[in-house]
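What follows is a single structure, written as structure tokens, with notes after it.
In listed order, ligands and their atoms are each counted from 1.
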Amino acid sequence: MTNIPQTMILGTGRAVPEKILTNADLEKIVDTNDQWIVERSGIRERHVAEKGAPLSELAAEAARKAIEDAGLEAKDIDLIILATVTGDMKFPATACFIQELLGAKNAAAFDIAAACSGFIYGLQIADSMMRNQTYRHALVIGGDILTSIVDWEDRNTCVLFGDGAGAVVLGPSQDDRGIISTYIGSDGGYSKLLYNAGCGCINMPTEENIKEKIHTVRMEGKEVFRHAVVAMSKAMKKVLKQADMTSDQLDLVISHQANLRIIEALAKRLKLNSEQTYVNVDRFGNTSAASIPIALDEARRNGVIQSGSTIGLVAFGGGFTWASGIIRL
Ligand code: UT7
């Protein structure tokens with residue numbers, strides 16, 4: 001049997017728009033207040049893109065940093081996977097625009113849609129495609145400009161989201177570092193609890209649909225909250241079992257940054273201490289598919305994790321979808 005190398009992370013990068021929207025700014029837009037937002041979600045501020053700003057540019061910026069960090073050039077990348085639900089256009093895939101911006105002429109590029117779980121879905125797909133030795137250097141990007149599909153009159157949702165992109169470059173590992181285990185799951189029975197019904201083939205952009213704000217995010221927050229905690233804790237336990245590990249062996253768990261109370265409830269279920277739990281939702285809000293790669297890059301660059309650290313990743317999002325993974329950096 002040939003010895004197929006593990007896939008490892010060679011570099012990471014992130015990019016967020018410059019503009020910051022604070023809770024105080026939101027108080028001027030909808031009937032909300034800083035105290036409610038902080039107590040119920042832990043969010044204090046979020047980065048927001050200018051109206052009409054392309055996700056491809058933000059994602060390409062994150063990707064360039066990841067490629068540089070990996071010590072590679074754009075021409076070395078042979079696969080680009082972008083996880084997003086807010087691409088530049090319906091088609092072509094935003095990954096193709098990113099490919100062009102990077103000059104990554106040797107890559108195959110496509111998008112995947114698994115909402116907030118998308119980045120880990122992308123990791124698993126890239127890992128499988130690399131393990132059959134067809135691809136050598138993959139770029140996996142999670143990026144969303146969720147504020148482009150938010151109803152700014154709906155206080156239940158508009159205070160929660162932020163924009164950004166995070167990227168990793170994957171390559172073959174020479175040692176025990178790499179993607180140890182991944183798991184993805186979904187249940188379409190819950191699709192109506194978190195969705196955006198506009199801009200697909202069933203809801204054309206008619207005057208009436210636009211008036212109904214059909215193109216904006218709808219969410220049953222309480223229900224999503226409940227399912228998120230249960231599904232993420234099960235998903236994390238699943239990859240731990242697959243890897244024959246226990247949660248105390250993880251140096252850090254980066255869970256999807258949607259709500260501080262969800263992160264804390266998950267930590268309790270997984271018996272994680274505060275040093276094993278990463279939190280940046282206070283500064284970024286829920287950046288959807290970007291949340292995990294942004295946190296991963298931030299934790300690496302500020303020294304919370306380093307080469308050899310063992311990290312758990314876990315996410316939950318619309319679909320419902322969920323996903324988890326264990327990587328050794
Ligand atoms: O990324 C995918 C995963 N997404 C998530 O994980 C999000 C999951 N859900 C949540 O994070 C929480 O459910 C929310 C933060 C969205 C809401 O927190 P909650 O504790 O579930 O609040 P709620 O929706 O039950 O609302 C409680 C009250 C309501 O008032 P009444 O009906 O009790 O009078 C809301 O109208 O808070 C009110 N409310 C607000 N008040 C001030 C809702 N949004 C706001 C707001 N400011 N922005």
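For atom 47 (N) of ligand 1, the closest heavy atom belonging to the protein is Thr32 OG1, 2.7 Å. Atom 5 (C) of ligand 1 has Val224 CG1, 3.7 Å as its closest protein atom, hydrogens excluded (heavy atom only). The nearest protein atom to atom 24 (O) of ligand 1, hydrogens excluded, is given as Asn156 OD1, 4.5 Å; this is a heavy-atom distance. Here the protein heavy atom with the shortest distance to atom 9 (N) of ligand 1 is Gly221 O, 3.0 Å. For atom 1 (O) of ligand 1, the closest non-hydrogen atom on the protein side is Asn286 ND2, 2.6 Å. Nearest protein heavy-atom neighbour of atom 27 (C) of ligand 1: Trp36 CZ2, 4.4 Å. Looking only at protein heavy atoms, the nearest one to atom 23 (P) of ligand 1 is Lys222 NZ, 4.1 Å. In terms of protein heavy atoms, atom 35 (C) of ligand 1 is closest to Arg155 NH2, 3.9 Å.
When each atom of ligand 1 is checked for a heavy atom of Phe316 under 4.0 Å away, the hits are 2 (C). Every atom of ligand 1 with a heavy atom of Asn259 under 4.0 Å away is listed here by number and element: 10 (C), 11 (O), 12 (C), 15 (C). The atoms of ligand 1 that sit less than 4.0 Å from any heavy atom of Arg261 are 18 (O), 19 (P), 20 (O). Remark: ligand 1 atoms within the under-4.0 Å shell around heavy atoms of Arg40 are 15 (C), 20 (O). Under a 4.0 Å criterion applied to the non-hydrogen atoms of Val159, ligand 1 contributes the atoms 48 (N). Interface atoms of ligand 1 facing Ile262, defined by a heavy-atom separation under 4.0 Å, are 6 (O), 8 (C).
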In sequence, state the C-alpha distance, the side-chain angles, and the governing distance for Lys213 and Asp154, and then conclude on salt bridge (Lys or Arg N to Asp or Glu O under 4.0 Å). CA-CA 11 Å; Lys213 298 185 181 173; Asp154 177 14; over 6 Å; no

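Under the 4.0 angstrom criterion, atom 33 (O) of ligand 1 counts as lacking any protein heavy-atom contact. For atom 18 (O) of ligand 1, a protein heavy-atom neighbour is found at a distance under 4.0 Å.
Closest heavy-atom contact between Val281 and Gln257: N-OE1, 3.1 Å. Smallest separation of non-hydrogen atoms from Val314 and Met236: CB-SD, 3.9 Å. In terms of heavy-atom proximity, Ala115 sits nearest to Gly318 at CB-N, 3.5 Å. Scanning all heavy atoms of the two residues, the minimum distance from Cys96 to Ala109 falls at SG-O, 3.9 Å.
Not a single heavy atom of Leu26 lies less than 4.0 angstrom from ligand 1. Taking a 4.0 Å cut-off on heavy atoms, Leu160 registers as neighbouring ligand 1.
Side-chain N or O atoms of Gln276 include one that pairs as donor or acceptor with a backbone N or O of Asn273 at under 3.5 Å. When atom types are taken as modelled, the side chain of Asp88 and the backbone of Leu55 share a donor-acceptor pair closer than 3.5 angstrom.
With a 4.0 Å cut-off on non-hydrogen atoms, Leu194 touches ligand 1 through its side chain and not its backbone.
Salt bridge present: Arg131 and Asp127 bring a charged side-chain N and a carboxylate O closer than 4.0 Å. A salt bridge links Glu100 with Lys105: the distance from a Lys NZ or Arg NE/NH1/NH2 to an Asp or Glu carboxylate oxygen falls below 4.0 Å. Under 4.0 Å is where a charged nitrogen must lie from a carboxylate oxygen, and between Asp31 and Arg155 at least one such pair does.
Residues Leu123 and Ile180 do not share a hydrophobic cluster, clusters being chains of Ile/Leu/Val/Met/Phe/Trp/Tyr side chains in contact below 4.5 Å.
Relative orientation of the His227 and Phe320 rings is tilted, given thresholds of 30° and 60° on the angle between their planes.
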